[in-house]
2 protein chains.
Amino acid sequence: MHHDSLHALLVKEKLSLTRPRRIIFDLLLHKDPQSMQVLISRAANKVDRATIYRTIELFERLGIVHRLNIGWKYKIELSDLFVGHHHHFHCNQCGATHTLQANPMLETMIDTVAAKENFSPRSHQLEIHGLCGQCAGQPA
Amino acid sequence: MHHDSLHALLVKEKLSLTRPRRIIFDLLLHKDPQSMQVLISRAANKVDRATIYRTIELFERLGIVHRLNIGWKYKIELSDLFVGHHHHFHCNQCGATHTLQANPMLETMIDTVAAKENFSPRSHQLEIHGLCGQCAGQPA
DNA sequence: GATATATTTGCAAATTTGTCGCAATTATAT
DNA sequence: ATATAATTGCGACAAATTTGCAAATATATC
């Protein structure tokens, strides 16, 4: 059960699983990445704005959520701990976002490239833009 | 000379290379990605805040600069037109953003991974997060 | 369960970021 | 040098994010 993992992560840091934290976690569960605006409005009357910012900041620090770059804005999604590691492909034509399976060799190479320059990689994010199969077939 | 390319890009759109635009371009030249805050303060007394926002928006539209989402905020850097293709490493501790040389093998593999799922990749963006050499040496 | 303790929340106010209209200024072509 | 169209700075807004603090709530202990 996902709530157990969440609880465990919090307890490990001597933090508690409060009502607002559970609500925010649930807003993210089984959903596509969401903007702050959307999270705030979906939690309206249940969780205060300030609490949402504080919670997302905490969740990110604990590796529970992840900020995703989509165009200019960022969106929040649960981290690899709750959904497998993956990348995104954005179609420039139809605008769809597809997920790409993590590829072990690619993942390794990414870490290697960073380590080579004396960095200690913890996580990464890869976004590919182009044309999806459908759109490539029938040009505009 | 970089200013010539900048001028050419502007002229092509019937726009002019003004003092503020040159100043902002110079603030970006040969520097790591910078936040708006930093740009605004570095340009203090020379260019108005509103002009900086308008100029960055214009530069982005013309493909002169590129916006990176880093944490809550974003940072601006010159596009691949002025600096070769590269990736970024963001230090979770000190907040610095470093550039990583593009690695031909890695680039190829990224395209291959996308092609394998029937996508036609055009561009991509890779952000690695972790600890930079300095911060890894002396933990918090 | 009830209680003590430390954490966490909601609220309201402050700060920071980003936008807009418009008169004054500046670049470009003539 | 001048006309014309683009561009800037300014001040006022509007939106996004942060902060301090008293009240509420979770957790461990009895």
Side-chain angles (χ1 to χ4, degrees), chain A residues 1 3-28 33-62 64-65 67-76, chain B residues 3-28 33-62 64-76 95 97:
Chain A
M1 177 57 160
H3 285 109
D4 294 337
S5 314
L6 172 63
H7 190 229
L9 284 165
L10 288 167
V11 165
K12 197 167 61 182
E13 301 275 327
K14 298 203 204 326
L15 301 173
S16 40
L17 177 45
T18 61
R19 208 177 84 89
R21 286 175 185 164
R22 193 165 23 234
I23 289 175
I24 293 168
F25 182 83
D26 287 344
L27 286 178
L28 292 166
Q34 293 169 75
S35 66
M36 274 294 174
Q37 276 185 340
V38 167
L39 281 178
I40 290 169
S41 78
R42 287 221 289 144
N45 303 321
K46 281 184 286 192
V47 186
D48 186 75
R49 219 208 297 285
T51 300
I52 295 179
Y53 280 105
R54 285 187 284 228
T55 300
I56 293 297
E57 185 190 11
L58 170 70
F59 279 6
E60 192 180 33
R61 189 157 58 70
L62 300 186
I64 293 167
V65 302
R67 275 167 229 262
L68 179 61
N69 306 333
I70 294 198
W72 303 16
K73 303 293 175 72
Y74 62 85
K75 293 186 177 179
I76 307 293
Chain B
H3 285 108
D4 294 339
S5 313
L6 172 62
H7 190 229
L9 284 166
L10 288 167
V11 166
K12 196 168 61 180
E13 301 274 327
K14 297 203 201 332
L15 302 174
S16 41
L17 177 47
T18 61
R19 208 179 84 89
R21 285 174 186 165
R22 194 166 21 237
I23 289 175
I24 293 169
F25 182 83
D26 288 343
L27 286 179
L28 292 166
Q34 293 169 75
S35 64
M36 276 292 177
Q37 273 185 340
V38 169
L39 281 178
I40 290 170
S41 78
R42 287 220 288 144
N45 304 321
K46 282 183 285 191
V47 186
D48 187 73
R49 203 150 44 105
T51 300
I52 295 180
Y53 279 105
R54 285 187 283 229
T55 300
I56 293 297
E57 183 191 11
L58 170 69
F59 279 7
E60 190 178 36
R61 189 158 58 72
L62 300 187
I64 293 167
V65 303
H66 189 252
R67 200 182 289 238
L68 301 178
N69 289 81
I70 300 265
W72 252 202
K73 305 294 166 58
Y74 56 86
K75 293 184 178 180
I76 306 293
T97 299

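Every value quoted in this text rests on a predicted model; they were computed, and no experiment measured them.
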Checklist entry - Roughly how far, to the nearest 0.5 Å, is CG of A/Leu15 from CG of A/Leu9? => result 10.5 Å

Next on the checklist: If I take atom CZ from residue B/Arg54 and atom CD1 from residue B/Ile24, how far apart are they, to the nearest 0.5 angstrom?
Outcome noted: 10.5 Å

Atom [atom1] of [X] and atom [atom2] of [N]: how far apart are they, to the nearest Å?
X	N	atom1	atom2	answer
B/Ile23	C/dT26	CD1	P	12 Å
B/Arg67	C/dG18	CZ	C1'	10 Å
B/Ile56	C/dT19	CD1	C1'	16 Å
B/Met36	C/dT16	CE	P	17 Å
B/Tyr74	D/dA16	OH	P	13 Å
B/Lys12	C/dT28	NZ	P	17 Å

Checklist outcome for this item: Note: B/Pro33 and B/Leu68 closest approach over all heavy atoms is CG-CD1, 3.6 Å

Checklist entry - So do the side chains of B/Ile76 and B/Glu60 get within less than 4.5 Å of each other, counting heavy atoms only? => result no

Next on the checklist: Is the shortest side-chain heavy-atom distance between B/Thr51 and B/Arg21 below 4.5 Å?
Outcome noted: no

Next on the checklist: Has A/Gln34 got a side-chain atom pairing as donor or acceptor with A/Leu27's backbone, closer than 3.5 angstrom?
Outcome noted: yes

Next on the checklist: Check this one for me: any side-chain N or O of B/Tyr53 less than 4.0 Å away from OP1 or OP2 of C/dG18?
Outcome noted: yes

Next on the checklist: With a cut-off of less than 4.0 Å, is there a side-chain N or O of B/His7 near OP1 or OP2 of C/dA27?
Outcome noted: no

Checklist entry - At under 4.0 Å between heavy atoms, what does B/Ile40 touch on the DNA or RNA strands: base, sugar-phosphate, or nothing? => result nothing

Between the protein and nucleotides 2-9 of chain D, which nitrogen or oxygen pairs come in under 3.5 angstrom?
{"unit_1": "D/dT7", "atom_1": "OP1", "unit_2": "B/Ser16", "atom_2": "N", "d": "3.2"}
{"unit_1": "D/dT7", "atom_1": "OP1", "unit_2": "B/Arg21", "atom_2": "NH1", "d": "2.5"}
{"unit_1": "D/dT7", "atom_1": "OP1", "unit_2": "B/Arg21", "atom_2": "NH2", "d": "3.2"}
{"unit_1": "D/dT7", "atom_1": "O5'", "unit_2": "B/Arg21", "atom_2": "NH2", "d": "3.4"}
{"unit_1": "D/dT8", "atom_1": "OP1", "unit_2": "B/Thr18", "atom_2": "OG1", "d": "2.9"}
{"unit_1": "D/dG9", "atom_1": "OP1", "unit_2": "B/Lys46", "atom_2": "O", "d": "3.3"}
{"unit_1": "D/dG9", "atom_1": "OP2", "unit_2": "B/Asp48", "atom_2": "N", "d": "3.2"}
{"unit_1": "D/dG9", "atom_1": "OP2", "unit_2": "B/Thr51", "atom_2": "OG1", "d": "2.7"}
{"unit_1": "D/dG9", "atom_1": "N7", "unit_2": "B/Arg54", "atom_2": "NH2", "d": "2.8"}
{"unit_1": "D/dG9", "atom_1": "O6", "unit_2": "B/Arg54", "atom_2": "NH1", "d": "3.4"}
{"unit_1": "D/dG9", "atom_1": "O6", "unit_2": "B/Arg54", "atom_2": "NH2", "d": "3.2"}

